[in-house]
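FYI, the numbering just counts along the sequence from 1.
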Amino acid sequence: FIAGHDEIELGTDADEAASLFKVILENLMQKDVKIVITTHHKRLSSMMAAHPDVELLAAIYDQVRQKPTFEFLHGSIGKSYAFETALRYGISNALIEKAKKVYGEDKEKLNDLIQTNIDLELKTRKKLQNLKKELEKTKKLNERLQIQKDEARDILNEKKSQLELEYQKAIDEAKRAAKSDDKAQIHRLLNKAHKKKTDVTKEIISKIQKPLEVGNFVKYKNTKGEILSLKKDEALILSEGIRLRVPVSELKLCQNQKKRVVKAKTKIKIEKPVNSSVKLDLHGLRSEEAIEKLDYFLSNALITGYDEVLIYHGIGSGKLAYAVKEFLKKHPKIKSFTDAPPNMGGMGATLVKL
């Protein structure tokens, strides 16, 4: 191990000394000698920089506080801070400016270039440190998400097992009842089994699915739509311009919540309502209740495929009739509407074409 310094011998030219020192260093490295050298010879530093067994270290100087930081920057040639140090020790600025001119513009530009390189390297190092911190945060977040995913899977498996056990117990009871030819008992136990299946399924969904909110995009059977409102166990969704009231328990949250549902070219298969009708009676209802009921009625009528429906609202003060017609004007699936013929209710009813 050998510690080196700038001068080999008194009276040497700087360029000659750099060339001589380079040859000596390479000779020592061939003999596997480890060397630490502090030098201001930029020529020597640049000559040795390309050697694979040489590592450059630049001393970092805080130019704002005008003090050394006693830290080093790997892979860079250090800049001389003679003028900055002289200024700090009280040498007048006028003398330093003259010294810079004597030193030469080209060499000063080299110093500026070296300093720029050091500044860029420090910025890059800081950005790298920040990036490492962000990567560490992302790693921890992924770990937490994985833990949550594992917990959700465990809950799902546990509830599945519970469902299968409860469902099988109810079916076994129904089978035992079947042997006694008690039809009422058979139906009661089968209904109990199906209810248990529905209850546990809802519990599973509530455990593993985020709460639904207005504005969420959801899937209902083969239909996708946006939630317009939520009421306990029922949701109002908008799909392809059609408003549908569906059970909340049968909704699944779509993964991509940013994209709106694109109109599909294929036909949407929706189960037709069992108790659909072409007539709706709104007598005695407040406007708000009537419009809600009307909205539900029209949704069912559209799904069923009716071309024309009749709505009874009466004449009275005219508020209910006005509210109904205002709603029909804004509905996207209403082709036209008019007062019903005298034999179908006259002004107390409205005939709607879908």
Side-chain angles (χ1 to χ4, degrees), residues 152 155-156 159-160 163 167 190-282 285-311 323-324 327-335 352 354:
I155 292 172
L156 178 61
K159 293 301 178 182
K160 273 185 176 180
L163 171 61
Y167 188 60
L190 282 174
N191 289 336
K192 179 182 177 182
H194 287 296
K195 184 178 184 302
K196 177 60 68 175
K197 178 181 177 181
T198 302
D199 291 343
V200 177
T201 302
K202 287 181 179 179
E203 188 176 353
I204 291 173
I205 293 172
S206 67
K207 291 285 185 182
I208 64 174
Q209 181 173 290
K210 293 181 180 179
L212 295 174
E213 298 176 351
V214 174
N216 284 157
F217 287 90
V218 291
K219 185 176 181 181
Y220 169 65
K221 297 183 179 179
N222 295 325
T223 305
K224 289 183 179 180
E226 180 184 358
I227 296 179
L228 299 180
S229 65
L230 286 167
K231 286 187 178 180
K232 293 183 179 180
D233 299 330
E234 188 180 66
L236 176 64
I237 67 171
L238 180 64
S239 176
E240 298 296 318
I242 301 175
R243 298 186 178 197
L244 305 173
R245 294 190 179 275
V246 296
V248 173
S249 60
E250 296 185 33
L251 293 179
K252 292 182 180 179
L253 192 65
C254 292
Q255 290 183 353
N256 191 345
Q257 290 294 311
K258 294 182 180 179
K259 295 181 180 179
R260 291 192 168 271
V261 179
V262 179
K263 289 187 177 181
K265 292 182 181 180
T266 54
K267 292 183 179 180
I268 300 173
K269 293 182 179 180
I270 304 174
E271 293 183 4
K272 293 184 178 180
V274 177
N275 298 319
S276 60
S277 172
V278 294
K279 297 179 181 180
L280 174 65
D281 191 351
L282 300 177
L285 297 179
R286 291 184 294 107
S287 295
E288 184 180 346
E289 295 174 336
I291 295 305
E292 185 175 341
K293 193 171 182 180
L294 174 59
D295 189 13
Y296 183 72
F297 168 75
L298 291 174
S299 296
N300 286 342
L302 287 164
I303 294 171
T304 306
Y306 293 141
D307 295 325
E308 195 173 68
V309 293
L310 186 61
I311 302 166
V324 168
F327 178 79
L328 293 175
K329 287 179 184 178
K330 299 175 183 178
H331 200 290
K333 294 297 179 180
I334 303 301
K335 291 182 179 179
V352 182
L354 307 175

> In Å and rounded to the nearest 0.5 Å, what is the OG1 to CG distance from T223 to L244?
Replying inline: 6.5 Å
>> If you apply the rule side-chain contact (heavy atoms from CB on, under 4.5 Å), what do you find for K333 with L354, and how did you get there?
In response: CA-CA 6 Å; K333 294 297 179 180; L354 307 175; 5.8 Å; no
>> Looking at every non-hydrogen atom in both residues, tell me the closest pair between I227 and E213 and how far apart they are.
In response: CD1-O, 3.6 Å
> Does K231 have any salt bridge (Lys or Arg N to Asp or Glu O under 4.0 Å) partners at least two apart in sequence or in another chain, and if so, which?
Replying inline: E292
> If you take all heavy atoms of K224 and S239, which pair is closest and at what distance?
Replying inline: O-OG, 2.8 Å
> Do L302 and H331 have side chains that get closer than 4.5 Å, going by heavy atoms?
Replying inline: yes
>> Testing the basics here: between L230 and A235, what is the closest heavy-atom pair and its distance to 0.1 Å?
In response: CD2-CB, 3.6 Å
>> With a sphere of 6.0 Å drawn around OH of Y296, does it hold more than 12 non-hydrogen atoms of other residues, nucleotides or ligands?
In response: no
>> How close do L282 and A290 get, counting heavy atoms only, and between which atoms?
In response: CD2-O, 3.9 Å
>> If I take atom CZ from residue R243 and atom CD from residue E226, how far apart are they, to the nearest 0.5 angstrom?
In response: 10.5 Å
>> If you define the side chain from C-beta out and look only at heavy atoms, does anything of L280 sit under 4.5 Å from V309?
In response: no
> Closest heavy-atom contact between K279 and F297?
Replying inline: O-CE1, 3.5 Å
>> I'd like to know whether L310 forms a side-chain contact (heavy atoms from CB on, under 4.5 Å) with V352, so could you lay out the CA-CA distance, the side-chain angles of the two residues, the decisive distance to 0.1 Å, and finally the verdict.
In response: CA-CA 6 Å; L310 186 61; V352 182; over 6 Å; no
> Picking from N300, D295, I237, what satisfies side-chain contact (heavy atoms from CB on, under 4.5 Å) with R245?
Replying inline: D295
>> For K335, give me all partners under salt bridge (Lys or Arg N to Asp or Glu O under 4.0 Å), at least two apart in sequence or on another chain.
In response: none
>> Can you tell me how far apart CD (E234) and CG (L251) are? Round to the nearest 0.5 Å.
In response: 10.5 Å
> Can you find a pair of side-chain heavy atoms, one from L298 and one from F327, that are under 4.5 Å apart?
Replying inline: yes
